[in-house]
Amino acid sequence: MVCFVLNQQKIRTAEHPGTLLLDFIREIAWLPGTKEACREGECGACTVLIGTRQTDGSVRYKSCASCLVALGDVHGCHVVTVEGLSHGALTRVQQLLVD
């Protein structure tokens with residue numbers, strides 16, 4: 001069982017831990033903002049933020065190509081997609097993606 005937070009939703013899934021995070025986000029969580037393009041980690045279309053808890057209790061985020069990250073690698077993490085960047089009006093980043 002892989003458990004993590006996707007945007008603001010707690011996820012607990014029996015999907016194979018080797019499933020690509022990109023595929024989980026798009027095909028299972030139905031979040032289309034994370035795009036599939038090169039599947040080689042070069043283009044940035046599938047970039048997400050992955051937050052991991054630090055020893056001092058804080059969370060450190062890094063940007064990652066979700067096409068290169070296995071679902072099992074985000075166990076216990078906070079994954080933020082473009083949809084999770086705001087809860088109201090679109091942020092500048094979201095509007096640029098729409099445009």
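What's counted below: heavy atoms across the whole structure, side chains too, no hydrogens, waters or symmetry copies. Since this is a predicted model, take the numbers as computed values, not measurements.
- At a threshold of 4.5 Å between non-hydrogen side-chain atoms, the residues L21 and I50 count as touching.
- Taking every heavy atom of both residues into account, A65 and G41 meet most closely at CB-CA, 3.8 Å.
- Using modelled atom types, no side-chain atom of H78 and backbone atom of G51 make a donor-acceptor pair closer than 3.5 Å.
- We find the NZ-SG distance between K10 and C3 to be 10.5 Å, quoted to the nearest 0.5 Å.
- Between the side chain of R26 and the main chain of T34, a donor-acceptor pair closer than 3.5 Å is present.
- Across every non-hydrogen atom of G84 and N7, the tightest pair is CA-OD1, 3.3 Å.
- The minimum heavy-atom distance between L31 and E83, with the atom names listed, is C-OE2, 3.4 Å.
- In this structure, E27 CD and T19 OG1 are separated by 9.5 Å, a value rounded to the nearest 0.5 Å.
- C67 approaches L20 most closely through the heavy-atom pair O-CD2, 3.3 Å.
- In plain terms, the two heavy atoms of V74 and F4 that are nearest each other are O-CB, 3.2 Å.
- Both I11 and V79 belong to a single network of hydrophobic side chains, linked directly or stepwise wherever heavy atoms of I, L, V, M, F, W or Y lie under 4.5 Å apart.
- Inter-residue side-chain proximity for D23 and I28 is flagged as unmet; no heavy-atom pair is nearer than 4.5 Å.
- Across all their heavy atoms, S66 and C46 have their closest contact at OG-O, 2.7 Å.
- Atoms OG1 and NZ, from T47 and K35 in turn, are 13.0 Å apart once rounded to the nearest 0.5 Å.
- Contact check for F24 versus V2: no side-chain heavy atoms found under the 4.5 Å cut-off.
- E15 and T13 share no side-chain donor-acceptor pair at under 3.5 Å.
- Neither V48 nor V82 shares a network with the other; the hydrophobic side chains, linked directly or stepwise wherever heavy atoms of I, L, V, M, F, W or Y lie under 4.5 Å apart, form separate groups for each.
- When side chains are defined from C-beta on, E36 counts as touching L22, because their heavy atoms get closer than 4.5 Å.
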